[in-house]
Amino acid sequence: MTPSESSPQAAIPSVDRVLGLAGLRDAVAAHGRPLVTDAIREALAALRGRLAEGKAGDGPTEAAIIADVLARLETLLRPPLTRVLNLSGTIIHTNLGRALLPAAAAEAMVAAATSAVDLEYDLGSGRRGDRDSRLEGWLCRLTGADAATVVNNNAAAVLLVLDSLARRKEVPVSRGELIEIGGSFRLPDIMARSNCKLVEVGTTNRTHIGDFEAALGPRTGLVMKVHTSNYVIDGFTAAVAEDQLAELCRAHGVPFVVDLGSGTLVDLARYGLPHEPTPAEALKAGADLVTFSGDKLLGGPQAGIVVGRKDLVAKLKKNPLKRALRIDKVSTAALGAVLPLYADPDRLPERLPALGFMTRGQSDIEAQARRLAPRFAAALQNIEVSVAPCQSQIGSGALPDKALPSAALVLKPAGASGRALKGLAARFRSLALPVIGRIQDEALWFDLRCLDDEPGLLAGLESLGTK
Ligand SMILES: *Cc1c(COP(=O)(O)O)cnc(C)c1O
């Protein structure tokens, strides 16, 4: 293929000709003719465009066309998810996939995914079974509830509760709890979708039991208390205690529902962490139903869990919406592997990655940062590298005002230009194993609390040095 001076377009080979090139033989064997043909068509069209604009230099060479086709195939075949290193300082990061599962859960997922399982089949009677039944046993044991059911995520759990118990009825909620959680979970919108009439009670900063008393009436479907996950109302505030609200609801004969959001199954204080309300506590305080996520503090797969009164859970299970919101078998397997770990809270931090990250001590993280800092300094030119204390967030709305003391590698480009800093962050994100940090105080911060692959980080650093 030599460039033709009269018409560079004439130098473009046919699709068939390119398909027959030795350099693409392996690609055809691996991915099949149709996909490779598509990639060739794309590459040749792009080449035609560049030639028309006079931007193709000396014209196409075989090697250049093959390289372009292979690059396009790689893009086409890239999996939807790329593994990354989460050095953002947020442990349960919604945008990075939340809780990491223990190996036992991952094994259970593979087993459930690759063979037939008794998901809704009772091996004793040979009849249809209930997909929740085995999870239900563990959830009741761990929360003290009489019944439980599990759906796709906590947003689905809240939707199912509202739709099952309060359709076309009123739901009083404190104005201070009308939350939006990142990614468009807005309580008022979910209420509207469930055909509930939201009744705002009290004010943003102060809500009293009398406000609820005035709001309760014959049209009330349930009363909902929402854990204000991702923010804190501080200062001159008042919220109604759960046991008080529960008593009021009981007197009026309406269910009292608590949406805990994060919900952990152990008291985190036993690990020296800040206390986060548990479903068991909410039930003890008188909640009739409690909803929470499977993949936040619980450290399991994406799931929405509802625990509480048997008659109410039975209504949820009968709702046709349950079918649309149900948990799948792979997540069922994962949750089934995580819940029993809570039977032995002493060993939980070593078995549950999310809790392992949370309980990592600052001195351990700082020692790792000091060890890695010279490697970073050697690999990066014109970047000042230091180690500094920082604060990790638990994330996903848990304990938004309570940070965990941690340590970070702090990378500061010489001259402190914003562009150089953004460029540096982008270089780390473009690695084969992308590294996600956070930009703060004109520097790139890598909080090492969640670093679970030091060799991977160092390998990336090496390739960065040669870029
Ligand atoms: C996170 C959260 C939800 C949504 O849970 P998902 O599992 O993400 O669907 C709902 N309510 C509260 C209070 C939350 O914190």
Side-chain angles (χ1 to χ4, degrees), residues 90-101 135 139 148-163 165-166 171 173-194 196 198 207 222-233 239 242 245 256-265 268 274-279 281-283 287 289-308 316 321-322 324-328 330-332 334-335 338-339 354 393-402:
T90 299
I91 302 167
I92 302 167
H93 197 306
T94 295
N95 303 143
L96 301 181
R98 292 196 182 162
L100 309 192
L101 293 174
L135 295 176
L139 288 167
T149 188
V150 186
V151 287
N152 179 51
N153 58 15
N154 191 35
V158 173
L159 180 68
L160 183 63
V161 168
L162 290 170
D163 186 86
L165 308 180
V171 178
V173 182
S174 165
R175 281 206 169 85
E177 297 172 2
L178 288 175
I179 53 164
E180 169 179 325
I181 300 155
S184 78
F185 177 91
R186 280 181 155 194
L187 200 66
D189 298 345
I190 298 258
M191 293 245 177
R193 279 285 148 161
S194 339
C196 298
L198 171 66
T207 302
L222 58 85
V223 171
M224 189 150 189
K225 186 172 173 66
V226 183
H227 188 50
T228 54
S229 295
N230 44 8
Y231 71 101
V232 181
I233 296 183
E242 274 168 17
L245 256 185
F256 174 44
V257 177
V258 176
D259 175 23
L260 265 191
S262 219
T264 163
L265 296 172
L268 293 179
H275 176 77
E276 171 82 356
T278 66
E281 289 165 2
L283 290 172
L289 288 179
V290 182
T291 60
F292 55 103
S293 283
D295 57 353
K296 292 184 178 173
L297 280 177
L298 196 153
Q302 181 187 305
I305 298 166
V306 190
V307 295
L316 307 192
L321 250 192
K322 170 75 167 32
L325 304 175
R326 71 187 182 187
I327 185 172
D328 75 303
V330 176
S331 301
T332 300
L335 194 54
V338 168
L339 293 176
Q393 299 288 328
I394 291 178
S396 281
L399 311 159
D401 57 336
K402 306 210 179 69

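Just so you know, ligand 1 is whichever comes first in the structure, and atom 1 is the first atom listed for that ligand.
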Problem set entry | Backbone or side-chain N or O of Ser262 under 3.5 Å from ligand 1 N or O | no
Problem set entry | Heavy-atom donor-acceptor pair, Thr278 side chain to Glu281 backbone, under 3.5 Å | yes
Exercise. So, does Asn154 use its side chain to make a donor-acceptor pair with the main chain of Ala157 at under 3.5 Å?
Worked result: no
Exercise. Which of the atoms in ligand 1, numbered in the order shown and given with their element, are less than 4.0 Å from a heavy-atom of His227?
Worked result: 13 (C)
Exercise. Can you find an N/O atom of Ala155 closer than 3.5 Å to an N/O atom of ligand 1?
Worked result: yes
Exercise. Got a salt bridge between Lys225 and Glu242, using NZ or NE/NH1/NH2 to carboxylate O under 4.0 Å?
Worked result: no
Problem set entry | Glu177 contact mode with ligand 1 (heavy-atom cut-off under 4.0 Å) | neither
Problem set entry | Nearest neighbour of atom 5 (O) of ligand 1 from the list Val258, Asn154, Ile305, on a heavy-atom basis | Asn154
Seminar exercise, completed: Under 4.0 Å from one or more heavy atoms of Arg98, ligand 1 contributes atoms 6 (P), 7 (O), 8 (O)
Problem set entry | Test of proximity, Asp259 against ligand 1: N or O pairs below 3.5 Å | yes
Exercise. Under the side chain to side chain donor-acceptor pair (under 3.5 Å) test, which residues partner Ser194, sequence neighbours left out?
Worked result: none
For this session: Below 4.0 angstrom from a heavy atom of Ser293, which ligand 1 atoms are there? Numbered from 1 as shown, please.
Result: 5 (O), 6 (P), 7 (O)
Exercise. Heavy atom of Lys296 under 4.0 Å from ligand 1?
Worked result: yes
Exercise. Does Lys225 reach ligand 1, in the sense of a heavy atom lying below 4.0 Å from it?
Worked result: no
Exercise. Residues in side chain to side chain donor-acceptor pair (under 3.5 Å) with Gln302, at least two apart?
Worked result: Asn152
Exercise. Just checking, any donor-acceptor pair under 3.5 angstrom between side chains of Glu276 and His227?
Worked result: yes
Problem set entry | Gly176 backbone acceptor or donor facing Ser174 side chain under 3.5 Å | yes
